[in-house]
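Here is the structure we will look at, set down as structure tokens.
Letters A, B, ... mirror the listed sequences (proteins, then strands); counts begin at 1. As the structure is a prediction and not an experimental result, all values here were calculated from the model.
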Protein chains: 2
Amino acid sequence: MGVDADRYQVDERGQLARRSASWNIVHAVESGSDPQGAQSIQRAFTLLNLVAVMARDRPGGVSLAELARTSGRPKASVHRMLMALSQAGYVAQDADTSCYRLGFQATVLGELAGQSADRFGTAATDSLIRLSDLSADTTFLTVRHGSYAVCTRRQEGPGPIRNNALAVGDRHPLGVGAGSLAILSALPDQEIADVLAAHAGIRQRYPRYDDDTLWRLVRRTRADGYALNDGLFVPGSWAMGVVVRDTADQPVAALSIASIEQRLGEQRRAELALDLQREAAFTESNVAKVGMARVPAERSKDD
Amino acid sequence: MGVDADRYQVDERGQLARRSASWNIVHAVESGSDPQGAQSIQRAFTLLNLVAVMARDRPGGVSLAELARTSGRPKASVHRMLMALSQAGYVAQDADTSCYRLGFQATVLGELAGQSADRFGTAATDSLIRLSDLSADTTFLTVRHGSYAVCTRRQEGPGPIRNNALAVGDRHPLGVGAGSLAILSALPDQEIADVLAAHAGIRQRYPRYDDDTLWRLVRRTRADGYALNDGLFVPGSWAMGVVVRDTADQPVAALSIASIEQRLGEQRRAELALDLQREAAFTESNVAKVGMARVPAERSKDD
DNA sequence: GCGCAATGGTCCATATTATGGAACGCTTTT
DNA sequence: AAAAGCGTTCCATAATATGGACCATTGCGC
């Protein structure tokens, strides 16, 4: 740490967000359950996600050295995998700089995914637009995946404030971030305990999120009817979110609005909470129309 | 073969196209170069592509048995890989039917790919729309990937005729199909020979495309200035295409128009050829504006 | 109601496969 | 001129993926 820190000099908030997002991509899948004879596949997709997220705002692509450093794997292994990804068309290597970025198959896959893959995404589109419009802030759709929350949609608002703490593809443990916390809080206590236990090894990266804090946040979320991220993750960056349930009434996603502390006073929060809840209900009914879709939770063969 | 043939009863053309497309997905990567210690990764991505293409027009998803059959791999292996893909979020399993379809990460990847991954796609968008509009037929963008051509964009025309012989994600050997043939014909003779040699083991699946036929098609394409697929692949389904070059003057993509025999008489072909050539030039200049992007050719460490 | 043939899923000994330290050639920085 | 960085290749090693056999259910025909 510190070697590549100077890469992210844009602004203080963006930096923090970027760094931990990348780091998390790397360790998210690994800490899941037993790979059961598919370790190399997991590693390959983790690397693919890493390329995707790191190259997000670097048009030139990412260098092998950097990928190796960030992923923590030896150069040789990363290189071998990148060659495989490249031959599959999911990663392309710049002819001049030999840097890596997503390949055309990534686009094709997205195209083929279309509506069917991410029903919540399409169901929430209208809600996100409306919310961004009326709040003038940035809104997000976050979906649960095992004990993690992944940001799948981002809708910029018309206002001048841009919150860059979260971007499409970012992945954080359940509880970290407004939408993420909204999902976590909607789970039964036992499941929350499981999730927190699963994150035991990772929590060090989120120093402010110890178990007690998370339980406290969960209780507050349940009392308020919406999740509030009051700058715990990135100082000054506030956000609020509400859960979205699937047709089986499982909490699987969340709508959230991100802004800055000054724009989220108690009065405005009360208003926005109603808007969020209304749009969450709208999204839910929208999904119900299409049919049921559930993302399989991480296999918990624990003990 | 024959066991799952009844799955595709939609119409005669669609059926043929679907079947061979799926088959090809399976064998495309494998027959490439040496896996070099990344075999499982290649297999995993092949399976992912297969899920994507097979679930394309089956909203319910694809069953494990069918995937195993089509891919030719044992159930156990396919199942293990699907679990890995599922844990990565790239594949989702229907809770009720336990069928598989693309997961939300496929959408996220497509989103993150955005413009940068598939510059030809974005560069060609306008051209495709114009071509579909003026021809009232369906147009495609095809990109070269090694010795294969992959359809990355499809633009429906306003006309009543729908050609379903090609869809986004379909992958055929260079030379099979109008756009594919346009790319092949633009290569130097030596490289064409290499490509044909690489397909030696696969050609059996394309019975009408023996070496002699392909060389003949190449010569005709060069003479005419455009590639014509006169129903060789799917009887009655005709198409024409022209090559698109990158800034290094390499043939890397093609624009094509698909229709039926009756709508592609000699007179109309001459007109459309000019339109295609004009739009190809437009796309090329469009790409040049953004910057150079080349898809790495398959490593030919041959001999 | 009873086979029969599908299905999805699991197990585990086997050997095929991925692994990553070390070394190379190269360019850039010091 | 040395040092440090880069992308890339090699190869013995051991960890890994493999897939045949097996089980539990479900759906169908009779």
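- dG20(C) atom P lies 16 Å from atom CG of L67(A), rounded to whole Å.
- Within the 4.5 Å cutoff, the side chain of R101(A) has heavy atoms near those of the D94(A) side chain.
- The side chain of S40(A) contributes an N or O atom lying less than 4.0 Å from OP1 or OP2 of dA17(D).
- Contact annotation: R69(A) reaches the phosphate of dC6(D) (side-chain N/O to OP1 or OP2, under 4.0 Å).
- Atoms CE (M81(B)) and P (dG9(C)) sit 16 Å apart, rounded to a whole Å.
- For the pair M83(A) CE and dA18(C) P, the interatomic distance rounds to 15 Å; values are reported in whole Å.
- Distance from the side chain of S77(B) is smallest to dT18(D) among dG9(C), dT19(C), dT18(D).
- Mapping A76(B) and Y100(A) onto DNA chain D by nearest heavy atom places Y100(A) at the nucleotide closer to the 5' end.
- With salt bridges taken as basic N to acidic carboxylate O contacts below 4.0 Å, one links E191(B) and R144(B).
- Ranked by how close their nearest DNA chain C nucleotide is to the 5' end, P74(A) and T97(B) are led by T97(B).
- Contacts classified as ring pair (Phe, Tyr, Trp, His ring centres under 6.0 Å) and involving residues 63-84 of chain A (residues at least two apart or in different chains) are not found.
- Along DNA chain D, the nucleotide nearest to C99(A) and the one nearest to I41(A) differ in position, and the one closer to the 5' end is contacted by C99(A).
- For an aromatic pair to be called close, the ring centres must be under 6.0 Å apart, and Y148(A) with H172(A) fails this.
- In this structure, H79(B) atom NE2 and dT18(D) atom C1' are separated by 15 Å, rounded to whole Å.
- If you measure from atom CZ of R43(A) to atom P of dA18(C), you get 11 Å, rounded to the nearest angstrom.
- Atom CG in L82(B) sits roughly 9 Å away from atom P in dG9(C) (whole-Å rounding).
- Contact annotation: Q39(B) side-chain N/O to dT19(C) OP1/OP2 distance is not under 4.0 Å.
- Shown here are the salt bridge (charged side-chain N to carboxylate O under 4.0 Å, His left out) partners of D249(A), two or more places apart in sequence or in another chain: there are none.
- Remark: C1' of dG20(D) and CZ of R80(B) are 12 Å apart, rounded to the nearest angstrom.
- Distance NZ (K75(A)) to P (dG5(D)): 10 Å, rounded to an integer number of Å.
- In the helix from dG1(C)-dC30(D) to dT30(C)-dA1(D), the terminal helix axes, each the rotation mapping four pairs' C1' atoms onto the next four within five end pairs, subtend 40°, rounded to 10°.
- In the model, Y206(B) has no side-chain atom that pairs as donor or acceptor with a side-chain atom of H199(B) under 3.5 Å.
- A heavy-atom distance below 4.5 Å is found between the side chains of E66(A) and R58(A).
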